[in-house]
Amino acid sequence: MDDIEQELQKQGLTDEVYWQDYEYEFFEKEPGWFWIFGTIATLAIILSLILKDRLFAIVILLGAITIGMYSKRAPRQVPFGLAKHGIKAGGSLFLYDTIKSFWVEAGKHKLIIETSRIIRPHITIPLGNVHPEIIRSKLISILPEKRYLGSLIDTVSDFFGI
C-alpha cells in the first residue's frame, strides 16, 4: 500500500475532513512595491478625473487603500473542511448543491471550487497538511471535476503578489 492509500485510510473518506491553514499566501512586500502600486493608482485616479469620472476616481482610491492595507496584514489561521453538507472555509459554508464544480491543484496544494455566486464565483481554499488526493477522492463522488486555469484577475494578483 502506498503513502496516498494509507493516508486515505487514516483520514477515513466516509468521515468529514478538517484542517487549518492560512487564509491566503502571504508575500512580503518591499517599499518599492508600494511606490509602484501607489504610482499606478495615482495615475489611474488622475486619468479618471481628466475623463470627468469622479465616482470611478473614488472607487480607485478606496480600492487602492484597501489593497494597501491588506498587503501589509499577515494572514490568519482559518479552519477549513469537507463537511456532510458542504465545504467550510472560515466562517462560510458552501453547500454542495450551490457548488458547480471543483478542481484540486495538487502542485499548488489548493482546492478551487466554482460556486453559483455571481460575484467572485471561484473560491480558492488552501489544503494545509491534507494530501490533495484525499480531497479529490472525497469530492469526486459528490461534485463534477472541472479544470480551472484561472482568470485575468488571478494572473494579475499572482503577478503583484496580492
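Arg136 is linked by a salt bridge (Lys or Arg N to Asp or Glu O under 4.0 Å) to Glu133, Glu145, counting only residues two or more places apart in sequence or in another chain. Partners of Arg73 under the side-chain contact (heavy atoms from CB on, under 4.5 Å) rule, at least two apart in sequence or in another chain, are Glu23, Tyr24, Tyr70, Arg76. Not counting sequence neighbours, Thr115 has no partner by the side chain to side chain donor-acceptor pair (under 3.5 Å) test. Every residue meeting the salt bridge (Lys or Arg N to Asp or Glu O under 4.0 Å) condition with Lys146, not counting sequence neighbours, appears here in chain and number order: Glu114. With sequence neighbours excluded, no residue forms a salt bridge (Lys or Arg N to Asp or Glu O under 4.0 Å) with Arg147. Remark: Trp19 engages no residue in a side chain to side chain donor-acceptor pair (under 3.5 Å) (not counting sequence neighbours). Applying the side chain to side chain donor-acceptor pair (under 3.5 Å) criterion to Gln20, with sequence neighbours excluded, gives no partner residue.
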For residues 78-91, run the donor-acceptor check on the side chains, cut-off 3.5 Å, and write out each pair with its distance to 0.1 Å, sequence neighbours left out.
none

Using distance only, find each side-chain donor-acceptor pair of residues 45-68 under 3.5 Å and give its atom names and separation, not counting sequence neighbours.
| residue | atom | partner | partner atom | Å |
| --- | --- | --- | --- | --- |
| Ser48 | OG | Ala44 | O | 3.3 |
| Ser48 | OG | Ile45 | O | 2.8 |
| Asp53 | OD1 | Phe56 | N | 3.3 |
| Thr66 | OG1 | Leu62 | O | 2.8 |

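The shortest side-chain heavy-atom distance between Leu139 and Leu111 falls under the 4.5 Å cut-off. Between Ile135 and Val130 the shortest side-chain heavy-atom distance falls below 4.5 Å.
From Ile113, atom CD1 reaches atom OH of Tyr96 across 9.5 Å, with rounding to the nearest 0.5 Å.
Checked by atom type and distance alone, the side chain of Thr42 pairs as donor or acceptor with a backbone atom of Gly38 at under 3.5 Å.
For Tyr22, the OH atom sits in a loose shell: 12 or fewer heavy atoms of surrounding residues, nucleotides or ligands are nearer than 6.0 Å.
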